[in-house]
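Read the numbers this way: they start at 1 and go in the same order the structure lists the ligands and their atoms.
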Amino acid sequence: MIDPYDWIDRSLNTIHKAQWHRSPAPIEASQGNYITVAGRQLLNFASNDYLGLATDPRLKAAAIQAIQIYGTGSTGSRLVTGQRPLHRELEESIASLKKSADALVFSSGYAANLGTIAALVGDRDLIIADQYNHSSLKNGAILSQAKILVYQHCDLNHLQKLLKNHRNQFRRCLLVTDTVFSMDGDLCPLPGIMELATAFDCMVLVDEAHATGVLGATGAGAIEHFNLDPDRLVCIGTLSKALGSLGGYVSGSAKLIDFLRNRCASWIYTTALSPADTAAALKAIELIIIKPSIGRQLWHNIEYFRTLLASTNIKMIPSDSAIICWELPSAEQALKISGLLQEQGIFAPAIRPPTVPTSRIRFTITAAHRSADIEKLAATIESLGG
Ligand SMILES: *Cc1c(COP(=O)(O)O)cnc(C)c1O
């Protein structure tokens, strides 16, 4: 008998041979700077919880209170039975953090990217995207059916050349980029992208997943960092990184948000964010606004790690954020170093192709790390890489 699923075995074999196979490690407990894996406490340098808010008692209390008032499920889509007062409160709060006119909350950042890109452009349009964009941006572009062109990572000259050669053959054009790149930690040249967008009549969509709560004087992200007008861009973000909850959002002009409420399939045809997740994110933004010292602690820790590394001969991939990567020659080497770090009590994953072009260990620094944690990380890296 022919097994129509036979090809999966062959495909898995290929994945194993390339050292690309992955399976999730169960994290038994997570508390600020530590996680527990297989009964062992490890220093966590892999979390996207940049401000240490995911286990904050104030977020927990807000989530519990929301469950007590509204229950665990939101029971329907926003346009039917799903909307609670909390959802609009959260959207107003995101808009005020981002200094934009309005915002729209999604079930995840991934869903926000898929639906928003597909709503903004179609088969008569053009998307020009950075080579290292996040998976959700790439798949959103495919879903939209627009023509997709890719420019070399952060290369404005290449972007300009593509615009010159192709822009006038299409109706609308959308430039798409991460602001902070998730697997490298560097920052896109956003002011230059905005200039080209103006010159060539393009919309600009940015993914601020790793910039929100991290960059900018008030933690609003890269748009604030570069002092740009938020309502001239389509800004996407997540509630699940610095905001310690779950969900995604789009922020921008009032007409953009009103349009998405009417045309964005991944917002219309899905269940509204749960009351607990909504309330936790709302509390996180309130804390970021009233307690800027959390963000300052994060940057203090990032600078401390950079200073300690500077006195070693270990070279990291250039970074402008809390993501700092150690590039290694092979997937095998990256796996080995990640295992050795774990033996020394440090959790940091090996990131390998096909996620990234070159293998690396990806470290994330958070506000929850203590000086001693960062000292231990730097010393361990030096002992393994020297
Ligand atoms: C994590 C991430 C997302 C997806 O956000 P979720 O809310 O986790 O779905 C989108 N874009 C980038 C750049 C990310 O790092």
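- Ligand 1 has at least one atom lying under 4.0 Å from a heavy atom of Gly247.
- For Glu327, the CD atom sits in a packed shell: over 12 heavy atoms of surrounding residues, nucleotides or ligands are nearer than 6.0 Å.
- Nearest approach of Glu28 to Gly39, heavy atoms of both residues: OE1-N, 2.8 Å.
- At a heavy-atom cutoff of 4.0 Å, ligand 1 is contacted by the side chain of Ser182 but not by its backbone.
- The closest approach between any non-hydrogen atom of Gly248 and ligand 1 is not below 4.0 Å.
- Among protein heavy atoms, the minimum distance from atom 4 (C) of ligand 1 is reached at Tyr110 N, 3.6 Å.
- Shown are Asp186, Asp184, Val180, Thr179; of these, the side chain to side chain contact (heavy atoms under 4.5 Å, CB included) with Asp320 is made only by Asp186.
- Of all protein heavy atoms, the one lying nearest to atom 14 (C) of ligand 1 is Lys241 NZ, 2.8 Å.
- A ring-centre distance under 6.0 Å is not found for His369 and Phe305.
- Using modelled atom types and a 3.5 Å distance limit, the side chains of His210 and Tyr50 yield a donor-acceptor pair.
- At the top of the distance list for atom 8 (O) of ligand 1, counting protein heavy atoms only, stands Ser240 OG, 3.3 Å.
- Protein heavy atom at the shortest distance from atom 6 (P) of ligand 1 is Gly109 N, 3.4 Å.
- By the 6.0 Å contact criterion, CZ on Arg263 is open, its count of non-hydrogen atoms from other residues, nucleotides or ligands being 12 or less.
- Taking every non-hydrogen atom of His210 and a distance limit under 4.0 Å, the qualifying atoms of ligand 1 come out as 14 (C), 15 (O).
- If you check which protein heavy atom lies closest to atom 13 (C) of ligand 1, you get Asp207 OD2, 3.3 Å.
- Which parts of ligand 1 touch Thr238 is read off a 4.0 Å heavy-atom cut-off, strictly below it: atoms 5 (O), 6 (P), 7 (O).
- Atoms of ligand 1 lying under 4.0 Å from any heavy atom of Ser136, numbered from 1 in the order shown and given with element: 10 (C), 11 (N).
- A donor-acceptor contact closer than 3.5 angstrom links the side chains of Thr355 and Arg22.
- For Asp9, the CG atom counts as densely surrounded, since its 6.0 Å shell holds more than 12 non-hydrogen atoms of other residues, nucleotides or ligands.
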